[in-house]
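Comments concern the structure below.
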Protein chains: 2
Amino acid sequence: MSSKRQALRADVQEGIQNRLVQGNWRPGARLSIDGLARELEVSPTPVREALVALEHSGLIEYQALKGFVVAPPLTPQQIDELIDARLVLELAAFTRAFGRREALESDLRAAHEAHSAIAERIAAAPEPDYALIHEYFDADSAFHEALFRHAGNHYLGTMREVLNTHGHRMRQTWSEGAERIDADEAVAEHAAILEKVQEHNHDGALRALRSHLEGVRERSIELGTGPTGR
Amino acid sequence: MSSKRQALRADVQEGIQNRLVQGNWRPGARLSIDGLARELEVSPTPVREALVALEHSGLIEYQALKGFVVAPPLTPQQIDELIDARLVLELAAFTRAFGRREALESDLRAAHEAHSAIAERIAAAPEPDYALIHEYFDADSAFHEALFRHAGNHYLGTMREVLNTHGHRMRQTWSEGAERIDADEAVAEHAAILEKVQEHNHDGALRALRSHLEGVRERSIELGTGPTGR
DNA sequence: GTGCCCCGGATCCTCTAGGATCCGGGGCAC
DNA sequence: GTGCCCCGGATCCTAGAGGATCCGGGGCAC
């Protein structure tokens, strides 16, 4: 541990964030600084720093003299606002990225192939595989990330990352009961976007992207309010 | 100091942020943890936490085993991207806020009056008054903030805050030489927006807002590249 | 039985200590 | 004179200690 100094805070932060995203702790659970330090076999100081750095992601909240707690799940209202904000960002990013249509098309196609491949593996799996679902979310996210990579605006990408973290928070809630993912619909909608891009059809692709996000909104709120009847 | 525990980290953070925004340290300057701790008469631990929390604002950067340094000034390219991102956010926020036109108009008018009042005081002042300039920036910012207050989307507001911090970083650079502010132009452009809102003219106001931000872009880049000849 | 008070453990917050690392300057070899 | 090496001070990073605060449970008064 002496050779890899200051991998500590980064490692601790990554470890905690992974557990948060995977839903190891329920919303409202207290994240004891001393407890985490014992568990990770480090001193409390780097744990505190990691939690402070994670606070702005929205995954955890801080209360003075009481510590950090896992943020409560998103309400349907918040999910609605989150997708709405994504719409604003992604439509803008798409239009800017369309200026480099060829590079964009190339990246979108690659991301789409990876995405649909994982979707097929999920469909073939007999029962939910959490690691696979995690991969699926990453692949899905990569498709959208491609829009920002070519948008030529660093700040749009930064804002996407902020929203993406909240998206993790949303999916974290689902993992508790509803593992069913409408992978097919998302893949089909991505395919529609890609197709329009290949046809040099900017406005059509924009409509397809908007339509896709509307679909995400509906499916998310449906899962949020819950098929379990809540 | 025993009664107001855990005002410490917040106080330290606020103090450091104020100094950063006011440009007390030049870009590239090292922020010594121990030094700040001695200066603020606290131990290094809360200083570390405050710096970690400030890192995501973009005002400071972190390098392992070397510490924190004041972020370099924005390049004209970055300024361009920053304003472009503001355009995306503010146009979207405006359209959403126009749904509650009356409340929006009320807030915009109040913000505009405060803004123009300060602009007059600046014009009347014989020489640059830093405190007054600071107030001016806040008043200017408040006008735009009103758009988001009525947009009904929490995430748009969050993203605005992120961009706003980078805006501070931009203005921080100016303060070094060019105190001249084109307050009149900004006030006139705000007035144009307000006028269209009062006329129930959504599209006209949108154009005025876009035009205003284009003006901000031009004036910012002009200041960024510098009348000093840099 | 109900409600209030007290108390002990757990936790947080801050501080101090000490090893590890970085950085700049003087000295030496060539 | 130039370049390299070494070294001392400053700083960073982590650990651990100690006082302050919170929280839950038992006991007592009514």
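This is a predicted model, so every value here is computed, not measured. Each chain gets a letter, A, B and so on, in the order its sequence line appears, and its residues count up from 1.
Residue Arg38(A) has no polar side-chain atom (N or O) positioned under 4.0 Å from OP1 or OP2 of dA10(C). Between Ser43(A) and dA15(D) there is a side-chain polar atom (N or O) within less than 4.0 angstrom of OP1 or OP2. The phosphate of dC12(D) has OP1 or OP2 within less than 4.0 Å of a side-chain N or O from Ser32(B).
Mapping Ile33(B) and Val42(A) onto DNA chain D via the closest heavy atom, the residue that lands nearer the 5' end is Ile33(B).
A search for side chain to side chain donor-acceptor pair (under 3.5 Å) contacts involving His112(A) returns nothing, not counting sequence neighbours. Shown here are the side-chain contact (heavy atoms from CB on, under 4.5 Å) partners of Ser141(B), two or more places apart in sequence or in another chain: Arg160(B), Asn164(B). For His56(A), the ring-ring contact (aromatic ring centres under 6.0 Å, His included) partners at least two apart in sequence or on another chain are His56(B). Checked against side-chain contact (heavy atoms from CB on, under 4.5 Å), Asn18(A) has the following partners two or more places apart in sequence or in another chain: Glu14(A), Gln22(A). Take Ala85(B) and apply the side-chain contact (heavy atoms from CB on, under 4.5 Å) test, not counting sequence neighbours, and it matches Asn153(A), Tyr155(A), Leu156(A), Met159(A), Leu163(B). In this structure, the side chain to side chain donor-acceptor pair (under 3.5 Å) partners of Glu145(B), at least two apart in sequence or on a different chain, are Arg149(B). Scored by the ring-ring contact (aromatic ring centres under 6.0 Å, His included) test, Phe143(A) finds His190(A) as partners (sequence neighbours excluded).
The Leu65(A) side chain lies nearest to dT21(D) when the options are dC15(C), dT21(D), dA15(D). Among the nucleotides dC12(D), dA15(D), dT11(C), the one closest to any side-chain atom of Asp34(A) is dT11(C).
Residue Glu39(A) contributes atom CD, which lies 12 Å from atom P of dT11(C) at whole-angstrom precision. Atom OH of Tyr62(B) and atom P of dC22(C) are 12 Å apart (whole Å). One atom, CG of Leu51(A), and another, P of dT11(C), lie 14 Å apart when rounded to the nearest Å. Regarding Glu55(A), its CD atom lies at a distance of 14 Å from the P atom of dC12(C), rounded to whole Å. Between Arg48(A) atom CZ and dC13(D) atom P there is a gap of 17 Å when expressed in whole angstrom units. Protein atom CZ of Arg9(B) is 8 Å distant from nucleotide atom P of dC13(C), rounded to whole Å. Regarding Glu49(A), its CD atom lies at a distance of 11 Å from the C1' atom of dC12(D), rounded to whole Å. Here the C1' atom of nucleotide dT14(C) and the CG atom of Leu36(B) are 17 Å apart, to the nearest Å.
For the pair Arg217(B) and Glu214(B), the salt-bridge criterion is met [side-chain N within less than 4.0 Å of a carboxylate O].
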Checklist entry - How would DNA chain D look in dot-bracket form, 5' to 3', counting Watson-Crick and G-U wobble pairs with both distances under 3.5 Å and writing | for bases paired to another strand? => result ||||||||||||||||||||||||||||||
Using nucleotides 23-25 of chain D, report all nitrogen or oxygen pairs with the protein that are shorter than 3.5 Å.
{"residue": "dC23(D)", "atom": "OP1", "partner": "Lys66(A)", "partner atom": "NZ", "Å": "3.3"}

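Looking only at atom types and distance, the side chain of Glu90(A) has a donor-acceptor partner in the side chain of His144(A) under 3.5 Å away.
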